[in-house]
Amino acid sequence: ELSAQEKQNLVQQGVEQYKQGNHDQAQKNLEFAQTVFPENYAVPYYLGLIYLEQGKRSAAIAQWRQYVAMDPNSDNASRIRKNITLLLREEAQDSARLAIANEAALTSSPAAGDTVAISAFNNLGSENIQPLGKGMAALLIHDISQVPDLKVVERVRLQALLKEMELGTSGLVSAETAPRVGKLLKAKHVTSGSLADLEQENLQIASAVVDTDQIAIIGTQEAQGRLKQFYDLEKQIACQIIEDLGRDCDEVPAEFSKIHTKSMPALVSYSWGLNYFDEEQYDEAREMFQKNLDEDPEFELAASALLATPTSS
């Protein structure tokens with residue numbers, strides 16, 4: 001066991017070695033420091049730098065996520081969040097290309113039964129709610145991710161694959177394309193759906209869960225109600241999806257029930273932000289995320305998106 005001072009000296013030694021260019025020895029000392037001094041946030045910060053220089057992108061992302069969680073309000077954390085976003089996008093693009101290249105092998109093997117991909121909803125309604133389908137899907141991804149034994153494909157991974165499949169940045173997956181998308185993502189289940197505002201007062205949401213192995217719809221979901229109560233309709237769809245995946249919606253963690261926002265203008269701005277983000281128009285995305293926070297300062301998903309979105313420069 002090391003004393004508190006010895007632990008601190010070990011970290012300082014590793015940091016100094018990194019700054020002096022002795023990255024191999026810095027890595028050894030910092031990796032050891034992480035086992036004996038895990039609460040020190042300088043360790044994951046510098047290990048992330050070292051791993052990134054070595055081309056170990058996933059390891060760098062993991063370290064930097066740990067750093068941001070430990071020191072969330074620092075200037076470095078703000079910069080690192082944006083770097084993580086870019087690295088995740090690069091990783092998703094590489095993964096998509098690899099999946100396409102190995103499609104024959106992926107389609108011949110069963111997909112992961114505990115994994116589901118939530119696609120954007122096709123807007124069949126008015127221009128007033130364009131592109132609400134992406135925002136609604138983002139809410140569902142967050143909520144369904146609360147189910148402990150379900151893995152939900154990250155939105156950025158799905159978007160990268162659809163782009164690689166030359167399906168554009170709409171995020172839309174049809175019942176016909178869902179089996180292929182699921183196989184390439186190694187997800188047994190993929191959702192496909194649509195929404196429409198009826199006479200601009202009511203909202204109707206419909207979706208289906210597709211089993212990518214059986215190439216069949218195993219459940220459909222539908223919710224209809226007042227447009228201004230969209231947040232209740234989203235929870236209804238989420239619960240139906242969870243039930244159709246064989247889980248009990250009554251047993252999900254309390255975080256599932258949290259209302260993200262009750263402001264439709266905020267959700268529409270958030271959806272536009274996601275759309276700009278997917279097109280790599282980061283300044284426009286940040287502007288939209290800020291706009292929806294002006295509408296609803298308590299919209300946490302939007303706040304997180306704003307923090308994570310890089311600047312175009």
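Bear in mind that the values here come from a model prediction, so they are computed numbers and not experimental data.
- To the nearest 0.5 Å, atoms CG (Asn73) and CG (Asp71) are separated by 7.5 Å.
- One finds the CG atom of Leu245 at 5.5 Å from the CD1 atom of Ile218 (value rounded to the nearest 0.5 Å).
- Side-chain N or O atoms of Ser194 include none that pairs as donor or acceptor with a backbone N or O of Phe121 at under 3.5 Å.
- Not one N or O on the side chain of Ser269 forms a donor-acceptor pair closer than 3.5 Å with the backbone of Lys291.
- Environment of NZ in Lys82: crowded, with over 12 heavy atoms of neighbouring residues, nucleotides or ligands closer than 6.0 Å.
- With Asn9 as the fixed residue, the side chain to side chain donor-acceptor pair (under 3.5 Å) test singles out one of Gln13, Gln5, Lys7: Gln5.
- Counting non-hydrogen atoms of neighbouring residues, nucleotides and ligands closer than 6.0 angstrom, the CD atom of Glu287 reaches no more than 12 such neighbours.
- Taking the six-membered ring for Trp, His260 and Tyr231 have ring centres at least 6.0 Å apart.
- For the pair Lys235 and Phe256, the cation-pi test (distance below 6.0 Å, angle within 45°) is passed.
- Separating the OG atom in Ser95 from the CD atom in Glu164 is a distance of 10.0 Å, to the nearest 0.5 Å.
- Salt bridge status for Asp94 with Arg57: present, with a side-chain N to carboxylate O gap under 4.0 Å.
- Side chain of His23 to backbone of Tyr18: a donor-acceptor contact under 3.5 angstrom is found.
- Comment: Lys183 does not engage Glu103 in a salt bridge, judged by the lack of any side-chain N to carboxylate O separation of less than 4.0 angstrom.
- For the pair Ser145 (side chain) and Ile141 (backbone), a donor-acceptor distance under 3.5 Å is present.
- Under the 4.0 Å criterion applied to side-chain N and carboxylate O atoms, Arg286 and Asp283 are not assigned as salt-bridge partners.
- Around atom CG of Asp75, no more than 12 heavy atoms belonging to other residues, nucleotides or ligands sit under 6.0 Å away.
- Between Arg157 and Glu91 there is no salt bridge, since no side-chain N of the basic residue sits under 4.0 Å from a carboxylate O of the acidic one.
- A 6.0 Å sphere centred on NZ of Lys151 holds no more than 12 heavy atoms belonging to other residues, nucleotides or ligands.
- Counted within 6.0 Å of CD on Glu39, heavy atoms from surrounding residues, nucleotides or ligands total more than 12; the atom is thus considered enclosed.
- Proximity of Asp149 to Val147: side-chain heavy atoms (C-beta onward) are separated by under 4.5 Å at one or more points.
- Transitive grouping of hydrophobic side chains (ILVMFWY, heavy atoms separated by less than 4.5 Å) brings Val36 and Tyr46 into a common cluster.
- Salt bridge status for Asp278 with Arg155: present, with a side-chain N to carboxylate O gap under 4.0 Å.
- In this structure, the ring pair (Phe, Tyr, Trp, His ring centres under 6.0 Å) partners of Tyr67, at least two apart in sequence or on a different chain, are Tyr45.
- A donor-acceptor pair is defined here as one N or O able to donate and one able to accept, closer than 3.5 Å; no such pair exists between the side chain of Ser304 and the backbone of Leu301.
- The backbone N or O of Gln214 lies less than 3.5 Å from a partner atom in the side chain of Asp211, making a donor-acceptor pair.
- Using modelled atom types, no side-chain atom of Gln204 and backbone atom of Leu198 make a donor-acceptor pair closer than 3.5 Å.
- For the atom pair CE (Met264) and CD (Gln229), the distance works out to 11.0 Å, reported to the nearest 0.5 Å.
- Thr85 contributes a side-chain N or O that, together with a main-chain N or O of Arg81, makes up a donor-acceptor pair within less than 3.5 Å.
- Cluster membership for Ile259 and Leu132, using ILVMFWY side-chain heavy atoms within less than 4.5 angstrom, is shared.
- Note that CE of Met70 is 9.0 Å distant from OH of Tyr41, once rounded to the nearest 0.5 Å.
- Val68 and Leu306 sit in two unconnected hydrophobic clusters of ILVMFWY residues. Membership requires side-chain heavy atoms under 4.5 Å apart, directly or through other members.
- Side chain of Asn275 to main chain of Ser271: no donor-acceptor pair is present (N/O by atom type, distance under 3.5 Å, no hydrogens or angles).
- Of the possible donor and acceptor atoms, none in the side chain of Trp272 sits under 3.5 Å from a partner among the backbone N and O of Phe289.
- With rounding to the nearest 0.5 angstrom, the CG atom of Asn202 is 10.5 Å from the NZ atom of Lys228.
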